[in-house]
Amino acid sequence: MIDRLNASLNFYQQALNLRDERQKVLSANIANADTPGYQARDFDFRSELDQAVKRGGSTEGNGGLAMATTSSRHIPGQAPGNGSVSNLMYRVPSQPSLDGNTVDMDMERVNFADNAVHYQADLQFITSRLQGLKQAMQPE
């Protein structure tokens, strides 16, 4: 029962984590719009979400610290990672500037607003999902 509940909420949990991470990346791009030589970065949300969902709730491979074991009878453990993205790429500028900065503020604003709307939508989905599960568990 708990496994099914965890599996049903895993997708939204991973999506929210990645939306949060993308918002940080886009915020850094906007904050450095006037920094000479700054290279705008972003990642492919869909491929990162696919990888995160495939990993499931597993903490392996997401950057967390592994626990050292000194005996074969010890249970291996790994701390959860910081949710960082594994494939952060540099954005190709449509109109490069003379100082080497590749931030396009129009594109950054659109992506920032789009990501915020998707974040809110994911929150709505998970809230309605939890409310449905709560109603299903309550006696009539």
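For the numbers below, each heavy atom of this structure counts, side chains included, while hydrogens, waters and symmetry mates do not.
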### Message
Quick one, Gln14 and Leu49 - any side-chain contact, counting heavy atoms below 4.5 Å?
### Response
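When only atoms from C-beta onward are counted, Leu49 and Gln14 do touch, with a gap below 4.5 Å.
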
Quick check: do Met107 and Arg91 have side-chain heavy atoms less than 4.5 Å from each other?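 Sidechains of Arg91 and Met107: in contact.
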
Those residues at least two apart in sequence (or on a different chain) that pass salt bridge (charged side-chain N to carboxylate O under 4.0 Å, His left out) with Asp122 are Arg19

About how many Å separate [atom2] of [Y] and [atom1] of [X], when rounded to the nearest 0.5 Å?
{"X": "Gln95", "Y": "Thr102", "atom1": "CD", "atom2": "OG1", "value": "12.5 Å"}
{"X": "Ser94", "Y": "Asp104", "atom1": "OG", "atom2": "CG", "value": "4.5 Å"}
{"X": "Asn17", "Y": "Glu48", "atom1": "CG", "atom2": "CD", "value": "12.0 Å"}
{"X": "Leu18", "Y": "Arg46", "atom1": "CG", "atom2": "CZ", "value": "13.0 Å"}
{"X": "Ile30", "Y": "Leu26", "atom1": "CD1", "atom2": "CG", "value": "6.5 Å"}
{"X": "Ile126", "Y": "Gln131", "atom1": "CD1", "atom2": "CD", "value": "11.5 Å"}

Enclosure of Asp99 CG (heavy-atom neighbours >12, cutoff 6.0 Å) = yes

Report task. Give a yes-or-no answer on whether the side chains of Tyr38 and Asn29 include a donor-acceptor pair shorter than 3.5 Å. Result ->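 There is such a pair between these side chains.
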
Please find the pair of heavy atoms, one from [X] and one from [Y], that lie closest to each other, and give the distance.
{"X": "Ser27", "Y": "Phe112", "value": "OG-CE1, 3.3 Å"}
{"X": "Gln39", "Y": "Gly100", "value": "NE2-O, 3.1 Å"}
{"X": "Asn101", "Y": "Ala33", "value": "ND2-O, 3.0 Å"}

Is Lys24 salt-bridged to Asp20, going by a charged N under 4.0 Å from an acidic O?
->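 A salt bridge is present here (some side-chain N lies under 4.0 Å from a carboxylate O).
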
Linking I/L/V/M/F/W/Y whenever their side-chain heavy atoms sit closer than 4.5 Å, directly or via other members, would [X] and [Y] fall into one cluster?
{"X": "Val103", "Y": "Val110", "answer": "no"}
{"X": "Phe45", "Y": "Phe125", "answer": "yes"}
{"X": "Val53", "Y": "Leu9", "answer": "yes"}
{"X": "Met105", "Y": "Tyr90", "answer": "no"}
{"X": "Tyr119", "Y": "Phe43", "answer": "yes"}

By side-chain hydrogen bond (donor to acceptor under 3.5 Å, both in side chains), Arg41 pairs with (sequence neighbours left out) none

From the options Val25, Asp42, Asp44, select the one residue that forms a side-chain contact (heavy atoms from CB on, under 4.5 Å) with Leu88.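 Looking at Val25, Asp42, Asp44, the match for Leu88 under the side-chain contact (heavy atoms from CB on, under 4.5 Å) is Val25.
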
